[in-house]
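Accompanying notes for the structure given below.
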Amino acid sequence: MSQWVRSLMTHDEIRTWLEEDRSEQLDRLWARANAVRRENVGDAVHLRGLIEFSNHCVRTCGYCGLNSTNRRIQRYRMTADEILDCAHAAASYGYGTVVMQSGEDYGISALWLADVICRIHRETELAITLSVGERPLDELKRWRDAGADRYLLRFETSNRDLYDRIHPPRAGQDRSDRFELLRQLREIGYETGSGVMIGIPGQTYDDLATDIEWFGRLELDMIGVGPFIPHPAGPTALLPPAEEGQVPNTEQMAYKVVALTRLLCPASNIPSTSALATLNQTEGRELGLQRGANVVMPNCTPTRYRALYDIYPAKACVDETAEQCLHCLRARIASIGRSVGEGRGDSPAYINRLATT
Ligand code: SAH
């Protein structure tokens, strides 16, 4: 029974793979990750329609262009009707899920978002994923009760000091604990996703190997990783790289992390992320899908808002319409001999977890 059998790799083995640069060795890693992906989650590539519905944010994260100290971006918040239009469009394109993502925006009340979730739930068959930052437990529960299925919250890095530097606490509040929040999200019944950025200044190979170990330990249903892309409005650019063993924020490093994540978490859903497509617009998405990933997230945000959701510069697909994204991604998936997934595309890790609890 190869299913559910995860590779047992020690910290040092993971780190050695992250440091590996010989192409014949890496070809072995890609092939193994691709085979484990096929055995456990199949050839279908699930499409998630991404709706970036607000770029307001109370946080001052050093990595992200939406941070509240950035006075240079125009802020927007989509209306409920605009979001519903996007959800209907996503359903008409055959997507099984919408991902509602925003800055950490308390202008979005728990009640308002619960109402939007109810409407999407009532009017479509879509699975609903939220990615709206660190909100209080009662709000997370309310949204789950309203019909939200999944929650994405990257822990960004497992190095606590680095995390505190790049993700400072809000004024007057304690440092945040995303590991604890992830545990709570799972307990409430969300299909739970997390992930990290690769090549944050100050992040070492040991840190990144520990991140990947955490993916396995947390038994995540979804894992999104992507290269860190410096934003001119983010103070992170000012942080010095680690003196020893700084991880580069390269495309190659991102593929290694995708592949190792697949080996450690064989039944999780793993997207080939936009940050990867941003570094290699020609074939970044496809290479991610051939090295362990099984999900892509076509952007459904109305074109007039897209460029304003400026988490990092030169983001892939900012000038395209939702329909263009759909056609482009379908063609890319077909070009590598894969099929487009049907239905909600719950992760086998989650389905298995439900069956055994
Ligand atoms: N407010 C939500 C959503 C943030 S955007 C939250 O905090 O969870 C989603 C993800 O984009 C972040 O979790 C982060 O991992 C990634 N991201 C943000 N800025 C980035 C950058 N400069 N380069 C690469 N990825 C970035």
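Whatever order the structure lists ligands and atoms in, that order sets their numbers, starting from 1. Along the sequence shown, residues are numbered consecutively beginning with 1. Side-chain atoms are counted along with the backbone in the values below, which use heavy atoms only and exclude waters and symmetry mates.
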Is the distance between the ring centroids of Y63 and F228 less than 6.0 Å?
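Ring centres of F228 and Y63 not closer than 6.0 Å.
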Taking atom 4 (C) of ligand 1 as the reference point, report whether a protein heavy atom occurs under 4.0 Å from it.
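It does not: no protein heavy atom is found less than 4.0 Å away from atom 4 (C) of ligand 1.
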Is there a side-chain contact between R75 and N70 in this structure, where contact means two heavy atoms from C-beta onward sitting under 4.5 Å apart?
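In contact.
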Is I200 close to N159 at the side-chain level, that is, under 4.5 Å between some pair of heavy atoms?
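Answer no - side chains too far apart.
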Which one holds for [X] and ligand 1: side chain close, backbone close, both close, or neither close, with close meaning a heavy atom under 4.0 Å?
X: Q101; answer: side chain
X: C57; answer: neither
X: P227; answer: backbone

Below the 3.5 angstrom mark, is there an N/O of [X], backbone or side chain, next to an N/O of ligand 1?
X: R154; answer: yes
X: E156; answer: yes
X: R178; answer: yes

Is the cationic atom of R77 (NZ for Lys, CZ for Arg) positioned less than 6.0 Å from the six-membered ring centroid of F53 and within 45 degrees of its normal?
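No, R77 and F53 do not form such a contact.
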Within less than 4.0 angstrom of ligand 1, does S102 place any heavy atom?
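Heavy atoms of S102 do come under 4.0 Å of ligand 1.
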Does some non-hydrogen atom of M197 fall short of 4.0 Å from ligand 1?
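So M197 counts as touching ligand 1.
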Look up atom CZ in R15 and atom CE in M9, then write down how far apart they are to the nearest 0.5 Å.
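Between R15 CZ and M9 CE, I get 14.5 Å after rounding to 0.5 Å.
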Spacing of OG belonging to S194 relative to CG belonging to L218, to within rounding of 0.5 Å
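If we round to the nearest 0.5 Å, S194:OG and L218:CG are 7.0 Å apart.
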Parallel under 30°, tilted from 30 to 60°, perpendicular over 60°: which one fits the rings of W214 and F179?
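Ring orientation of W214 relative to F179: tilted.
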